[in-house]
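These notes are about the structure you will find just below.
Labels below follow one simple rule: chain letters A, B, ... track the order of the sequence lines, proteins then strands, and each chain is numbered from 1.
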Number of protein chains: 2
Amino acid sequence: MVTYEHPRPAVTVDCVVFGFDENDLKVLLIQRKYEPFRGVWALPGGFVHLEENLEQAAARELWEETGIKGCFLEQLYTFGRPDRDPRDRVITVAYYALINLNDYPVQADSDAIRVAWFAMDDIPKLAFDHEEILKTAQQRLKGKITYQPIGFELLPDKFTLTQLQRLYEIILATGLDKRNFRRKLLAMGFLEETNEIQTDVAHRAARLYRFNKVRYEQVRQNGFNFEL
Amino acid sequence: MVTYEHPRPAVTVDCVVFGFDENDLKVLLIQRKYEPFRGVWALPGGFVHLEENLEQAAARELWEETGIKGCFLEQLYTFGRPDRDPRDRVITVAYYALINLNDYPVQADSDAIRVAWFAMDDIPKLAFDHEEILKTAQQRLKGKITYQPIGFELLPDKFTLTQLQRLYEIILATGLDKRNFRRKLLAMGFLEETNEIQTDVAHRAARLYRFNKVRYEQVRQNGFNFEL
DNA sequence: ACAAAAGTGTTGAACGTACACCCATGC
DNA sequence: GCATGGGTGTACGTTCAACACTTTTGT
């Protein structure tokens, strides 16, 4: 039963997938196999099915096109310029995802689809308005990382404080003082010191820490607000 | 030419319009004339036309249904639960608007449509998932007002510091210290002292100030960041 | 003259910022 | 033994939070 008679736009979801590898913030792109923009790199995404909600659609497309699932995924913004798709009116609800690169290493292209990680300062021309979407996602990440503890989503379960600091420095595009950074984060009370240290490094091995979500919720309920 | 063959959802825009009147944060609602939810209060909104972009659609619906135009309008979030409309799959891109209540006083119902302002602590049952949308908008306003100078959109062009403080107190649901509040805001350097004072008040009249956008942009470019 | 809100400074505590050296490890 | 990054404390300046009384105006 169709009860609302109007011409309808198509609705898609697109995902900006961020990963981090010690020195770079990276994004996962796929090379389009079909027109429009055949052969051009683009964000993973696709049409929303009628029976699924938007976040489900984003998670499904991510899984189908890149094999990623179960990661941090949050709605970013909805893009709907009438001419953003040359063939038809398409509105896209963009999401961004944060994943740990070690869990999804630079994958060999499958038969079906070409997938690759690109450093943020080396992005090829993108299809549609995906450059605008990517830019919006980068700004959101930069803004949000200072007041929500989402940076940990980009790191392995256990990480060093230096890795964490590098992540902040790269995303915020700024330098941070080592002593002040450590003092501040440890004082927050939700970084759990493990009794493990780095292996396979050519210098003194650093202690590994873990983000303790339960403790974070506790301090948050006591009025603590994550900041910087 | 339809090139993407998929069943399509309908796409609407809905607007959460906030106003402020000395003692209350208010929202503009309209009473639905048609099914579904006939007679129930709802956010102003309607279908996106194929040739307009999303923000244009929101501005147009706002104008058509409430007579408001030219105000602050920003995308909020996109809601797409498959069952959010009982009759069909409808995805809605929600916007929120901030207006000065004096420019749009509590309007008499027109023949066509019943429109009314409701205080945030006295909201009737709403159609669809509009309660969720409203709640999301309130959280966004509460969050954003502390790091962007958007509170001024809710006040007249010239306002007293006490009015500004009340606005913050009500939106943040907290008490603020008068001396500290004034000192902090004046120190920001973009509140312009006019040489006018309140009229028609039964006590000492307060000085009127104005938000100077140009000066705000200047201090911002010098590295200043609005906060609290 | 009284009611109502406007306007105004100081102090102590907490926090942020700047800064440099020794230590542990692998090669 | 040397190169590499790991780990640590202090002092100063800035900002925040708490706090109460006098002034102006209208009725």
Side-chain angles (χ1 to χ4, degrees), chain A residues 20-24 145-147 155-156 158-170 172-210 219-220 222-228, chain B residues 20-23 145-147 155-156 158-170 172-210 219 222-228:
Chain A
F20 178 74
D21 81 349
E22 304 284 318
N23 286 309
D24 280 309
I145 207 177
T146 65
Y147 67 93
L155 293 174
K158 294 167 192 164
F159 51 85
T160 70
L161 294 180
T162 299
Q163 287 175 317
L164 185 60
Q165 183 179 342
R166 288 283 269 281
L167 186 153
Y168 272 85
E169 288 179 332
I170 287 169
L172 299 177
T174 184
L176 298 170
D177 181 273
K178 182 160 69 158
R179 281 173 289 192
N180 294 338
F181 181 82
R182 286 164 176 247
R183 191 185 357 225
K184 186 158 190 177
L185 272 135
L186 291 175
M188 290 179 178
F190 52 73
L191 284 187
E192 185 181 326
E193 183 174 318
T194 70
N195 40 26
E196 295 169 61
I197 55 172
Q198 278 182 313
T199 52
D200 303 319
V201 285
H203 51 80
R204 175 171 174 185
R207 162 143 278 124
L208 295 173
Y209 290 82
R210 186 191 276 135
V219 296
R220 212 168 63 89
N222 294 355
F224 167 83
N225 262 310
F226 185 87
E227 178 87 45
L228 220 178
Chain B
F20 178 72
D21 81 349
E22 304 284 317
N23 285 310
I145 207 177
T146 64
Y147 67 92
L155 292 175
K158 295 167 191 165
F159 51 85
T160 70
L161 294 181
T162 299
Q163 286 176 318
L164 185 60
Q165 183 179 343
R166 288 283 268 279
L167 186 155
Y168 272 86
E169 287 178 334
I170 286 168
L172 298 177
T174 182
L176 297 170
D177 180 273
K178 182 160 69 158
R179 282 174 286 191
N180 294 338
F181 181 82
R182 285 163 177 249
R183 191 186 3 243
K184 186 157 191 177
L185 272 133
L186 291 175
M188 290 180 179
F190 53 71
L191 283 188
E192 186 182 323
E193 183 175 318
T194 71
N195 40 27
E196 294 169 61
I197 55 171
Q198 278 182 314
T199 53
D200 303 319
V201 286
H203 51 79
R204 175 172 175 185
R207 161 143 279 124
L208 295 173
Y209 291 82
R210 185 191 276 135
V219 297
N222 294 355
F224 166 84
N225 263 308
F226 185 87
E227 177 87 45
L228 217 180

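- The nearest whole Å value for the distance from the CZ atom in A/F159 to the C1' atom in D/dG6 is 16 Å.
- Rounded to whole angstrom, the span from the CZ atom of B/R182 across to the C1' atom of C/dG9 amounts to 14 Å.
- Among residues two or more places apart in sequence or in another chain, the ring pair (Phe, Tyr, Trp, His ring centres under 6.0 Å) test is passed with A/Y209 by none.
- Looking at heavy-atom distances under 4.0 Å, A/T160 makes no contact with the nucleic acid at all.
- Close to C/dA5, at under 4.0 Å from its OP1 or OP2, lies no side-chain N or O of B/T162.
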Enumerate the protein-to-nucleotides 18-21 of chain C contacts in which both atoms are nitrogen or oxygen and the separation is below 3.5 Å.
residue : atom : partner : partner atom : Å
C/dA18  : N7   : A/N180  : ND2          : 3.0
C/dA18  : N6   : A/N180  : OD1          : 3.1
C/dA18  : N6   : A/R183  : NH2          : 3.4
C/dC19  : N3   : A/R179  : NH2          : 3.2
C/dC19  : N4   : A/D177  : OD1          : 3.4
C/dC19  : N4   : A/R179  : NE           : 3.4
C/dA20  : N1   : A/R179  : NH1          : 3.3

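- Applying the side chain to side chain donor-acceptor pair (under 3.5 Å) test to A/R179 and every residue at least two apart in sequence or in another chain returns nothing.
- For the pair B/Q165 CD and C/dA5 P, the computed distance is 13 Å after rounding to whole Å.
- One interatomic measurement links the two molecules: CD of B/E169 to P of C/dA5, which rounds to 14 Å at whole-angstrom precision.
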Any protein N or O atoms within reach of nucleotides 13-16 of chain D? Criterion: under 3.5 Å, listing atom names and distances.
none

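- Nucleic acid contact class of B/R207 (heavy atoms, under 4.0 Å, all strands): sugar-phosphate only.
- In this structure, A/F190 and A/F226 have tilted ring planes: the angle between them lies in the 30° to 60° band.
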Would you give a per-nucleotide map of nucleotides 22-27 of chain C, 5' to 3', where B means the base has a protein non-hydrogen atom under 4.0 Å away, S means only the sugar-phosphate does, and - means neither?
-BBBS-
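- Scanning for ring pair (Phe, Tyr, Trp, His ring centres under 6.0 Å) contacts around A/Y168 gives A/F181, with sequence neighbours left out.
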